[in-house]
Amino acid sequence: MTRRGTLLLAIGLVMLAGCGEATPTAPPRLILATTTSTYDSGLLDYLLPAFEEETGIQVEVVAVGTGQALELGRNGDADVLLVHAPDQEEAFVGMGYGVDREPVMYNDFVIVGPEEDPAGVAGLTNAAVAFAQIAAAEAPFVSRGDNSGTHMKERRIWLEAGIGPEGDWYISAGQGMGAVLTMAEELGAYTLTDRGTYLSRLAEGYSLPILVEGDPLLFNPYHVMAVNPEVHPNVNYEGAKRFIEWLTSLETQERIGAFTHAATGQPLFHPDSEAWRAAHP
Amino acid sequence: MATVLAGLQEGLRLLLSGDPYLWDIILRTGQVTGAALVVGSLLGIPLGALLGLTRFPGRRLVQTLIYTGMGLPPVLAGLAIYLLLSRNGILGPLDLPWIPKLFTPEAMVLAQVLIATPLIAGFTMAAVAGVDPDLRRQVEALGATRLQVAWAVLREARLGVLVSLVAGLGSILSEVGAVMLVGGNIEGSTRVLTTAILLETRRGNFDLAIGLGVVLLGLSFLVNLGATQLQGKGR
């Protein structure tokens, strides 16, 4: 081998060694599988340092759709879940995969769409009626199509409207909320979005207005739960338990309520744990 | 257009001011892809040389497998490693210390090795096969062992081998699906340039996304510049 080749190999080996150093195995990992909405909004970056300081437990956040987060829990690849799809969560706990499920907070979904509003849904407060009108007008609608909590909520609304959405106007994107909002804007389409992600984009100059909001069906509750250690003995259940206690404690709940969207100053999540409800009857 | 310019400006500012978040990601990208390239070449170069120099039963099949691997969608490699390492998967439940855990840099290295090795092996095979057969006969006539023959041929084909390394590195440096799946894009642990770009775009932080993109583009340019320089000296 040439001297240069030896040098390249040496550099590579040094990098390899560095890679090992980068992941000290000393403190137990706590893997939190959560939805893109809690992470992308900056909420976890704002909350987690306090937990890490208090307990010394390093939380590793994997931000995916709710469907994938539940799947990670089912396979024992995550220790604790923070998700927003109540029906699926109940099934998950019912099948024995999850334990210690607790309410944490809520925000809401809104329907956004083009200013011209070809389906005439602006101002409606009934999401199912709005969806039915969009379908009747065959106005373009972008769906997440990714089994995320938002997608599950959307399917629930279609069910409520008694419509199986099909046709050229119904676009199943298979992407995250941010990408879907961009698609809806480019296509002049309607879509269902969580308010937090929408506000973040609004601050960046997003153009589609909110057309429908305030329906109880659009309520978006978040729950936390631990992956059942009896199913997956290797999960960090102790860490998960401490995390759940901390997240639902009055102190953390107050911080959730105080968290506002950086650019607009609007609150993004409303605290809703047992401890919070007891203190604010 | 204003977004793009502001992004470029902000990206360069972050890069030059030594922003710890950005540099942490750059360093980790270098570590993960560097490690994957070393392991991939330790596997791929000998395999490519073996296939290019010798005839053995089943060689065609191995060749076909390598060609298939060269066209493998990286995200499929990610899925394979995910299913392998998941606690509910094939190797995960064994819980052995030397098997990487999911959502660690080691798991990402494994996925990248799976992506890069067929490329390195395939290009090395082609380079070795292209060496003048006379060289081989001469070295053999001088009484060289098979290993020495292989070494001589690889030396002769070094430009082709270098190309194989650049192709391997290019493929894993720019890949996002597999490392997202098995790494999880965890801040300070498994976040690399491509997954960070995806996240920042999703978050609407286009300036940071563009900044990271500029770095990725620059790295890719440096790798290729280095390769062409070496090529020039090899002639």
Side-chain angles (χ1 to χ4, degrees), chain A residues 1-2 4-5 8-23 25 29 31-33 36 39-42 44-45 48 58-64 68 71-72 74-78 175-179 181-182 197 200-206 227 231-235 263, chain B residues 2-3 24 27-28 30-42 82-83 85-89 92-93 95 97 100-106 108-109 151 154-155 158 161-162 165 180-190 198-207 226 230 233-234:
Chain A
M1 187 181 278
T2 61
R4 193 176 293 117
L8 280 178
L9 186 64
I11 291 172
L13 286 174
V14 167
M15 281 175 160
L16 191 66
C19 189
E21 269 168 39
T23 52
T25 45
R29 285 150 50 91
I31 299 177
L32 166 66
T36 48
Y39 191 65
D40 294 3
S41 63
L44 293 176
D45 285 342
L48 288 179
Q58 186 74 28
V59 182
E60 308 208 328
V61 182
V62 179
V64 290
Q68 197 186 341
E71 196 57 35
L72 290 176
R74 199 188 308 273
N75 289 334
D77 293 322
Q175 300 209 55
M177 196 69 254
L181 281 172
T182 305
T197 309
S200 304
R201 295 304 300 278
L202 198 63
E204 300 268 332
Y206 191 72
V227 172
V231 179
H232 295 289
N234 288 332
V235 297
Chain B
T3 318
D24 183 55
L27 204 66
R28 185 152 330 92
Q31 286 172 345
V32 170
T33 49
L37 188 67
V38 170
V39 178
S41 39
L42 289 179
Y82 174 83
L83 294 174
L85 300 184
S86 166
R87 282 181 189 149
N88 211 18
D95 199 26
K101 297 257 181 300
L102 216 51
F103 307 131
T104 57
E106 289 81 2
M108 299 163 83
V109 170
W151 188 246
L154 271 176
R155 274 202 64 151
R158 60 182 178 275
V161 174
L162 188 70
L165 293 184
M180 193 73 167
L181 203 58
V182 303
N185 192 25
I186 297 166
E187 185 180 356
S189 162
T190 60
L198 203 66
L199 171 72
E200 298 306 339
T201 308
R202 214 168 66 196
R203 280 181 159 178
N205 291 338
F206 289 107
D207 46 2
L230 285 175
K233 284 185 185 156

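So that the names make sense, note that chain A is the first sequence line, chain B the second, and so on, each numbered from 1.
Heavy atoms closer than 4.5 Å to chain A are found in both the backbone and the side chain of B:Leu102. Looking at A:Tyr39, both its backbone and its side chain come within 4.5 Å of chain B, counting heavy atoms on both sides. The contact between B:Leu181 and chain A is made entirely by side chain atoms (from C-beta outward), counting heavy-atom distances below 4.5 Å. A:Gln68 touches chain B through its side chain: at least one heavy atom from C-beta onward sits under 4.5 Å away, while N, CA, C and O do not. Residue contact with chain B, scored on non-hydrogen atoms closer than 4.5 Å, is absent for A:Ala33. Using a 4.5 Å cut-off between heavy atoms, A:Ile31 touches chain B through its side chain atoms alone. Both the backbone and the side chain of A:Val235 come within less than 4.5 Å of a heavy atom of chain B.
Contact count against chain B (heavy-atom pairs under 4.5 Å) is highest for A:Leu72 among A:Thr182, A:Leu72, A:Thr197, A:Val64. Among B:Leu154, B:Leu27, B:Ile186, the residue with the largest count of heavy-atom pairs under 4.5 Å with chain A is B:Ile186. Taking A:Thr36, A:Val62, A:Asp77 one by one and counting their heavy-atom pairs under 4.5 Å with chain B, the maximum is reached by A:Asp77.
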Item to check | A:Leu44 and A:Val59: CA distance, side-chain angles, deciding distance, side-chain contact (heavy atoms from CB on, under 4.5 Å) verdict | outcome: CA-CA 10 Å; A:Leu44 293 176; A:Val59 182; over 6 Å; no
Item to check | CA sep, side-chain torsions, deciding dist, call: B:Leu42, B:Val38, side-chain contact (heavy atoms from CB on, under 4.5 Å) | outcome: CA-CA 6 Å; B:Leu42 289 179; B:Val38 170; 4.1 Å; yes
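Taking CD of A:Glu71 as the reference point, atom OG of B:Ser86 lies at 8.5 Å (rounded to 0.5 Å).
For the side chain to side chain contact (heavy atoms under 4.5 Å, CB included) criterion with B:Met180, the lone passing option out of B:Thr190, B:Asn185, B:Leu199 is B:Asn185.
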